[in-house]
A.B. asks: 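Once you've had a glance at the structure underneath, I'll fire off some questions.
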Amino acid sequence: MTNSAEQNINVDNFLKKKIATRSLLLLISKLLPVAVQLLIIFIFSRRLSYDDYGSYQSIWLYIGVLSAIGLFGLPSLLLSSSLQNILTWIKENKKTAIPIFVLLNLLPIVYLLTMVQHFTIGTKLLLLTVLIAQNISIIIETIAIKNENEKRVVISNIIFAAFFLTWHLYVLNSGYSLIKLLPGLLLLYIIKSLFLLQKKNNALPDQHTILAEDNIGKQWLYLGINDVLGMLFKWLDKWVILLLVTTAQFAVYFNGAYEIPIFALLVSAVGNIMIVEMSKKKSATSGGISELFATSSLLLASIVFPSFCFLLFYYQDFFTLFFSEKYLASIPFFVISIFILPARITNYTVALQVFHKSDIIVKGAVLDIGVAILLMLVLYPFLDFRGIALAFVLSTYIQIGYYLWHTGKLLNKRIIDFFPIKKLVGWMLFALAITCAGKFSSVLLSSMSRLVIGICVCGIASVGLFLYYFFQERKSI
């Protein structure tokens, strides 16, 4: 082996471990809040009435979609572009940029105050302040990630999660109401932002941005539209359900179609690192980008594939344990929704974003929503609300194919060149086999015993695959 080949292997191994290390830090910063969120769902779905629980979950629906409108792609732009370039563009186009920014942030206010009927005016105003505080904290956290201050992000999110849970439990046990809950959430977002701002080194390093940025405005427009459409797609089925049925019926559908957030966070954390790495000169090549796709897909598959297999074989035991038999009607939606998980092994738009092909990303988002709506109209008469859940799973796979096809055209590669197909298929078969063996070996045991065995098998498979990924000799992927 030549010195040049050895050097390339060392660089590849360093890149692989760097991505894994930084992604793990981001995952740690998000995992505890997700665990807290799931614990709150577990407790609230059991303790609250259908109406109160449906109203509680609807505030996160509104915050999610309206936050995406207010921020309009700014976090994504901060990750992939120079702060100096962004500020320069704003100064040069302030007569256009400032009115648009004001209008985008007025839209949530107008919508909440005029269109939402199941909240009091006091609840609406509190919800608006929480929305604004959350948006500010998202921007500050994005800057910290850009500056590679993941440790501070980890600490801030751990503190936030601890007090987030404490406040929810306090309000639940002292006479629950949204009027009591929301002020505490507002204070928590403010404290988180102040903690992250203690780091004085907030200047984004321009060396992360290596492509010409002569049209920041166009890039920002496309990223904003994509973020809004992406968030709208995430909540569209639930929004439609909320418009059609009562908050109690919305609660039943929500629990079944609720995508466990840890998997979206996995993709988000790894995707953020991929964007930063791709934006550097050494990675902005066809081969470097293919390497990043392969590395990220194996990293996430080591967690996602065993988790999917666990939910596929243990969905009945898992769902009734988590939500109790109170929400048995939600299980059909849950079974359909888990089939989206195998696709959560990478961020499929990062190369398009780095190379400023955001128009393609937006077209994919429009395609996603359009196909989902069309499939809803076709499937609903035959499958009822299950058809709505299935429509969103199918449209997601169509969108992924669209993004990969355009990425392949951009880099002059085939879609299969971005992924170690044989390894991924082998890992999925391994996860299916070991989970299936665990399931059928415990079929005569109690529900709790089966779950314990299933969780252990899932954990063993995930840890084994991750260690294989992290410590294996560097070979062609």
Side-chain angles (χ1 to χ4, degrees), residues 33-34 36-71 107-135 138 164-165 167-169 171-172 175-186 188-189 228-261 264 322-323 326-327 329-330 333-334 337 369 372 376 385 388-389 392:
V34 166
V36 166
Q37 181 183 350
L38 293 175
L39 181 58
I40 290 171
I41 290 176
F42 176 82
I43 297 172
F44 274 37
S45 63
R46 291 166 177 262
R47 295 276 299 273
L48 296 180
S49 67
Y50 286 114
D51 284 328
D52 283 342
Y53 180 70
S55 295
Y56 170 76
Q57 292 297 358
S58 72
I59 71 171
W60 300 113
L61 182 155
Y62 294 127
I63 286 177
V65 175
L66 299 180
S67 173
I69 295 173
L71 291 173
L107 287 175
I109 297 176
V110 173
Y111 182 85
L112 280 175
L113 293 180
T114 61
M115 301 299 292
V116 177
Q117 303 299 324
H118 59 275
F119 289 149
T120 65
I121 186 64
T123 301
K124 293 177 183 179
L125 293 175
L126 283 172
L127 185 56
L128 282 172
T129 60
V130 172
L131 174 63
I132 294 169
Q134 180 197 251
N135 284 356
I138 289 173
F164 188 84
L165 175 61
W167 181 246
H168 273 76
L169 295 179
V171 172
L172 181 64
Y176 169 83
S177 72
L178 287 176
I179 289 291
K180 293 175 65 176
L181 179 69
L182 292 174
L185 300 184
L186 171 63
L188 289 178
Y189 282 118
V228 171
L229 291 177
M231 187 60 69
L232 181 61
F233 176 81
K234 175 183 176 180
W235 291 101
L236 181 60
D237 59 330
K238 301 170 185 65
W239 203 304
V240 170
I241 296 295
L242 185 58
L243 292 174
L244 294 177
V245 301
T246 65
T247 52
Q249 293 170 307
F250 167 76
V252 173
Y253 180 85
F254 179 91
N255 279 354
Y258 179 73
E259 184 179 353
I260 301 174
F322 195 84
F323 290 110
K326 179 180 178 181
Y327 285 94
S330 303
F333 312 129
F334 179 74
S337 298
I369 291 180
M376 278 195 293
F385 289 146
I388 295 178
F392 280 78

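From a predicted model like this one, the values you see are computed outputs, not experimental measurements.
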A.B. asks: If we check ring pair (Phe, Tyr, Trp, His ring centres under 6.0 Å) with Tyr327, which of these qualifies: Phe42, Phe44, Tyr50?
C.D. replies: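 Only match with Tyr327 under ring pair (Phe, Tyr, Trp, His ring centres under 6.0 Å): Tyr50.
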
A.B. asks: Using side-chain heavy atoms (C-beta onward) and a distance below 4.5 Å, is Ile132 in contact with Tyr189?
C.D. replies: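 Not touching, per the 4.5 Å side-chain cut-off.
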
A.B. asks: Angle between ring planes, Tyr62 versus Tyr111, binned at 30° and 60°: parallel, tilted or perpendicular?
C.D. replies: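 Tyr62 vs Tyr111 ring planes: tilted.
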
A.B. asks: Where do Leu127 and Leu178 land on the side-chain contact (heavy atoms from CB on, under 4.5 Å) test, with the steps shown first?
C.D. replies: CA-CA 9 Å; Leu127 185 56; Leu178 287 176; over 6 Å; no

A.B. asks: State the OG1-CG distance between Thr247 and Leu242, to the nearest 0.5 angstrom.
C.D. replies: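 If we round to the nearest 0.5 Å, Thr247:OG1 and Leu242:CG are 7.5 Å apart.
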
A.B. asks: Can you check whether Leu181's main-chain N or O pairs, donor with acceptor, with Trp167's side chain at less than 3.5 Å?
C.D. replies: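 Confirmed, Trp167 side chain pairs with Leu181 backbone.
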
A.B. asks: Can you check whether Phe333 reaches Asn255 side chain to side chain, under 4.5 Å on heavy atoms?
C.D. replies: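 No, side chains not in contact.
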
A.B. asks: So, applying side chain to side chain contact (heavy atoms under 4.5 Å, CB included) with Ile59, which one of Val130, Leu182, Leu126 is it?
C.D. replies: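 Result: among Val130, Leu182, Leu126, Leu182 is the only option passing the side chain to side chain contact (heavy atoms under 4.5 Å, CB included) with Ile59.
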
A.B. asks: Output the distance between atom OG1 (Thr246) and atom CG (Asp51), rounded to the nearest 0.5 Å.
C.D. replies: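 Going from the OG1 atom of Thr246 to the CG atom of Asp51 covers 6.5 Å.
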
A.B. asks: Can you name the closest pair of heavy atoms from Ala372 and Phe233 and give their distance?
C.D. replies: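 Shortest heavy-atom contact: CB-CE1, 3.7 Å.
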
A.B. asks: Which value, rounded to the nearest 0.5 Å, describes the distance between Ser330 atom OG and Phe323 atom CZ?
C.D. replies: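 Here the rounded value is 7.0 Å.
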
A.B. asks: For the atom pair CG (Leu107) and CG (Leu66), what is the distance rounded to the nearest 0.5 Å?
C.D. replies: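 Spacing of CG (Leu107) from CG (Leu66) equals 9.0 Å.
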
A.B. asks: Measuring from atom OG1 of Thr120 to atom CG of Leu125, what distance do you get when rounded to the nearest 0.5 angstrom?
C.D. replies: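 Atom-to-atom, Thr120:OG1 and Leu125:CG are 8.5 Å apart.
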
A.B. asks: Quick check: do Lys326 and Ser45 have side-chain heavy atoms less than 4.5 Å from each other?
C.D. replies: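 No; the side chains remain at least 4.5 Å from each other.
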
A.B. asks: Which label fits Trp60 and Tyr56: parallel for a plane angle under 30°, tilted from 30 to 60°, or perpendicular past 60°?
C.D. replies: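 Rings of Trp60 and Tyr56: perpendicular, as their planes differ by over 60°.
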
A.B. asks: Keeping the roles fixed (side chain from Thr123, backbone from Phe119), state whether a donor-acceptor pair exists under 3.5 Å.
C.D. replies: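 Looks like no, no N/O pair under 3.5 Å.
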
A.B. asks: How about Leu38 and Phe322: do any of their side-chain heavy atoms sit closer than 4.5 Å?
C.D. replies: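 Yes, side chains in contact.
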
A.B. asks: When you look at Phe385 and Val252, which way does the side-chain contact (heavy atoms from CB on, under 4.5 Å) test go after all the steps?
C.D. replies: CA-CA 11 Å; Phe385 289 146; Val252 173; over 6 Å; no

A.B. asks: Taking atom types as modelled, find out whether Ser55 and Ser58 have a side-chain donor-acceptor pair closer than 3.5 angstrom.
C.D. replies: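 Distance-only check fails for Ser55 and Ser58.
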
A.B. asks: To check you understand the geometry: which heavy-atom pair defines the closest contact between Gln134 and Ser67, and what is its length?
C.D. replies: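 Taking every non-hydrogen atom into account, NE2-OG, 3.4 Å.
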
A.B. asks: Report yes if the side chains of Leu113 and Ile121 come closer than 4.5 Å at any heavy-atom pair, otherwise no.
C.D. replies: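 Yes. Closest side-chain heavy atoms under 4.5 Å.
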
A.B. asks: For a quick test of reading the model, state the closest non-hydrogen atom pair linking Ala133 to Leu186 and the distance between them.
C.D. replies: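 Minimum heavy-atom separation between Ala133 and Leu186: CB-CD1, 3.6 Å.
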
A.B. asks: For the side chain to side chain contact (heavy atoms under 4.5 Å, CB included) test, which of Leu131, Leu185, Leu128, Asn135 pairs with Ile63?
C.D. replies: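 Passing option: Leu131.
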
A.B. asks: Can you check whether Ile43 reaches Leu169 side chain to side chain, under 4.5 Å on heavy atoms?
C.D. replies: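 Answer yes - side chains close enough.
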
A.B. asks: Search all heavy atoms of Ser337 against all heavy atoms of Ala389 and return the closest pair with its distance.
C.D. replies: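 The answer is OG-CB, 4.3 Å.
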
A.B. asks: Compute whether any side-chain donor of one residue and acceptor of the other, for Gln57 and Tyr53, lie under 3.5 angstrom apart.
C.D. replies: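 Yes.
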
A.B. asks: Do Met376 and Phe392 have side-chain heavy atoms sitting under 4.5 Å apart?
C.D. replies: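 When only atoms from C-beta onward are counted, Phe392 and Met376 do touch, with a gap below 4.5 Å.
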
A.B. asks: Specify the closest pair of heavy atoms between Asp237 and Ala257, including all atoms of both residues, with the distance to one decimal.
C.D. replies: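 So the two residues come closest at OD2-CB, 4.0 Å.
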
A.B. asks: For a 4.5 angstrom cut-off between non-hydrogen side-chain atoms, does Phe254 reach Leu61?
C.D. replies: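 No, their side chains stay 4.5 Å or more apart.
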
A.B. asks: Locate the shortest heavy-atom distance separating Ala68 from Met231; write the atom from each residue and the value.
C.D. replies: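 Where Ala68 meets Met231 most closely, the heavy atoms are CB-CB, 3.6 Å.
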
A.B. asks: Is there a donor-acceptor contact under 3.5 Å from the side chain of Lys238 to the main chain of Phe250?
C.D. replies: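 Checking the backbone N and O of Phe250 against the side chain of Lys238, no donor-acceptor pair under 3.5 Å is found.
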
A.B. asks: If I take atom CZ from residue Arg47 and atom CD1 from residue Ile40, how far apart are they, to the nearest 0.5 angstrom?
C.D. replies: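 These two atoms lie 13.0 Å from each other.
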
